[in-house]
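One structure below.
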Amino acid sequence: MSALLQVNGLVKSYAGVHAVRGVSFSLNGGEILALIGPNGAGKSTCFNMLNGQIRPNAGSIKLAGEEIVGLPPRTVWRRGVGRTFQITATFSSMTVRENVQVALLSFHKRLRSALGYAGAAFLDEANKLLALVGMEAQAGRPCGELAYGDLKRLELAIALANAPRLLLMDEPTAGMAPKERVELMRLTAAIAREKGIGVLFTEHDMDVVFEHADTVMVLNRGELVARGTPQEVRRDPHVQAIYLGEGLLYDARHREESAQ
């Protein structure tokens with residue numbers, strides 16, 4: 001079976017500075033793939049090329065066998081690439097349900113023709129998405145009243161509005177409490193595996209990475225330097241050298257033992 005996402009030889013440079021150097025990898029439907037690396041490693045540049053915000057200098061990005069390099073972000077989104085961002089972006093004066101409705105209207109190309117009846121558009125679909133992420137009971141609340149963890153759940157519902165085949169998540173648990181981080185990633189993994197969605201996420205919390213990722217890739221200075229299971233990546237000497245002194249590759253059990 002061919003991969004859902006196939007990336008080959010991705011390159012991006014700015015005035016001679018290589019942000020991404022020959023990155024290649026694949027991702028299957030239902031697989032949870034983490035992309036980690038120090039600040040400035042090129043993670044955000046990779047993400048922005050995958051969803052069309054930045055055009056690579058060289059390389060190929062195929063979604064379900066179709067080349068998407070050169071397509072604008074709105075077209076990539078309609079091809080089935082969803083995305084969440086490190087900083088949540090919702091309309092605070094609108095209700096939870098209305099935020100999802102706007103995403104659905106955009107996906108179905110009904111934004112311009114929806115004036116006057118937007119509040120009644122795609123109600124069932126919006127409610128189903130909110131139920132999927134555990135936010136149905138808060139559908140009528142203004143987003144400005146939501147706790148941060150609930151905003152992250154809402155952002156996930158919005159990202160699912162285009163029925164994505166590929167979901168890109170940029171530091172999905174940033175700013176969340178430890179319990180909320182675990183709950184959000186377990187929810188994301190369950191939805192992805194049930195619906196066959198491939199998930200690529202970046203994350204600085206290594207506990208989140210090693211607990212929830214099927215596969216981990218390590219990017220350093222624009223180059224992929226390691227790929228494997230969480231256990232293999234944690235034991236990789238090169239990866240340990242990259243993160244040396246930051247304490248990122250020790251799991252919770254080791255930290256607890258050290259504290260005793």
Side-chain angles (χ1 to χ4, degrees), residues 2-65 67-70 76 81 83-84 86 165-174 185 189 192 197-246 248-251:
S2 59
L4 169 67
L5 177 68
Q6 186 70 53
V7 177
N8 287 303
L10 215 55
V11 174
K12 185 63 183 179
S13 61
Y14 299 94
V17 177
H18 294 286
V20 175
R21 305 167 180 244
V23 167
S24 300
F25 66 91
S26 62
L27 172 65
N28 296 317
E31 182 183 3
I32 314 296
L33 176 60
L35 178 63
I36 66 172
N39 290 331
K43 303 185 297 297
S44 294
T45 301
C46 277
F47 262 53
N48 290 334
M49 287 190 284
L50 292 175
N51 81 327
Q53 289 182 283
I54 296 175
R55 183 161 186 163
N57 298 120
S60 170
I61 304 171
K62 290 185 177 180
L63 179 68
E67 184 64 60
I68 61 173
V69 167
V76 174
V81 179
R83 182 169 179 178
T84 67
Q86 181 179 351
R165 294 178 286 180
L166 170 65
L167 181 59
L168 307 175
M169 305 182 77
D170 190 0
E171 297 197 33
T173 69
M185 290 308 297
I197 302 170
V199 176
L200 175 64
F201 74 100
T202 66
E203 184 59 63
H204 283 293
D205 187 325
M206 292 299 102
D207 289 338
V208 170
V209 170
F210 291 133
E211 180 176 350
H212 299 287
D214 299 314
T215 307
V216 179
M217 300 188 302
V218 183
L219 195 66
N220 188 44
R221 296 182 180 179
E223 296 182 349
L224 279 180
V225 295
R227 175 177 176 143
T229 67
Q231 294 77 17
E232 290 169 341
V233 169
R234 182 186 284 126
R235 294 194 298 263
D236 189 299
H238 192 181
V239 176
Q240 291 176 359
I242 292 169
Y243 282 104
L244 186 62
E246 297 186 33
L248 294 177
L249 294 177
Y250 292 93
D251 59 25

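- Residue I197 holds its CD1 atom at 11.5 Å from CG of L27, rounded to the nearest 0.5 Å.
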Under 3.5 Å, which donor-acceptor pairs link side chains of residues 213-228 to any protein atom two or more places apart or in another chain?
from	atom 1	to	atom 2	distance (Å)
D214	OD1	R193	NH2	2.6
D214	OD2	I32	N	2.8
D214	OD2	R193	NH2	2.9
T215	OG1	E31	OE2	3.0
R227	NH1	S26	O	3.3
R227	NH2	S26	O	3.2

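- Judged by distance alone, with hydrogens and angles left aside, the side-chain atoms of T45 form no donor-acceptor pair with the main-chain N or O of A19 at under 3.5 Å.
- For residues 38-52, the set of pairs meeting the salt bridge (charged side-chain N to carboxylate O under 4.0 Å, His left out) definition, not counting sequence neighbours, is empty.
- Residues I61 and L10 have side chains in contact (heavy-atom distance under 4.5 Å, counting atoms from C-beta outward).
- Counting only heavy atoms from C-beta outward, the side chains of C46 and V20 approach each other to under 4.5 Å.
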Quiz: residues 165-173 side-chain donor-acceptor pairs under 3.5 angstrom, not counting sequence neighbours:
from	atom 1	to	atom 2	distance (Å)
R165	NE	R79	O	3.3
R165	NH2	R79	O	2.6
D170	OD1	T202	OG1	2.9
E171	OE2	H204	NE2	3.2
T173	OG1	E203	OE1	2.9
T173	OG1	E203	OE2	3.1

Working note: R83 + N48, criterion side-chain contact (heavy atoms from CB on, under 4.5 Å); need CA distance, chi angles, decisive distance, verdict. CA-CA 10 Å; R83 182 169 179 178; N48 290 334; 2.8 Å; yes
After noting the C-alpha distance and the side-chain angles of Q53 and V76, does the key distance pass the side-chain contact (heavy atoms from CB on, under 4.5 Å) rule? CA-CA 10 Å; Q53 289 182 283; V76 174; over 6 Å; no
Full working for side-chain contact (heavy atoms from CB on, under 4.5 Å) between V81 and L50: CA-CA 9 Å; V81 179; L50 292 175; over 6 Å; no
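- In this structure, V69 and S60 have side chains that are not in contact, with every pair of non-hydrogen atoms separated by 4.5 Å or more.
- Between T84 and F201, the closest side-chain pair of non-hydrogen atoms is not below 4.5 Å.
- Residues F25 and L33 form a side-chain contact, since some pair of their non-hydrogen atoms from C-beta on lies under 4.5 Å apart.
- The salt bridge (charged side-chain N to carboxylate O under 4.0 Å, His left out) analysis of residues 50-61, with sequence neighbours excluded, yields no pairs.
- Checking side-chain atoms of E232 against main-chain N and O of T229 turns up a donor-acceptor pair under 3.5 Å.
- Contact annotation: the side chain of F47 approaches that of L200 to within less than 4.5 Å [non-hydrogen atoms, C-beta and beyond].
- Note on residues 7-17: pairs passing side-chain hydrogen bond (donor to acceptor under 3.5 Å, both in side chains), not counting sequence neighbours, are S13-N57.
- For E67, there are no salt bridge (Lys or Arg N to Asp or Glu O under 4.0 Å) partners two or more places apart in sequence or in a different chain.
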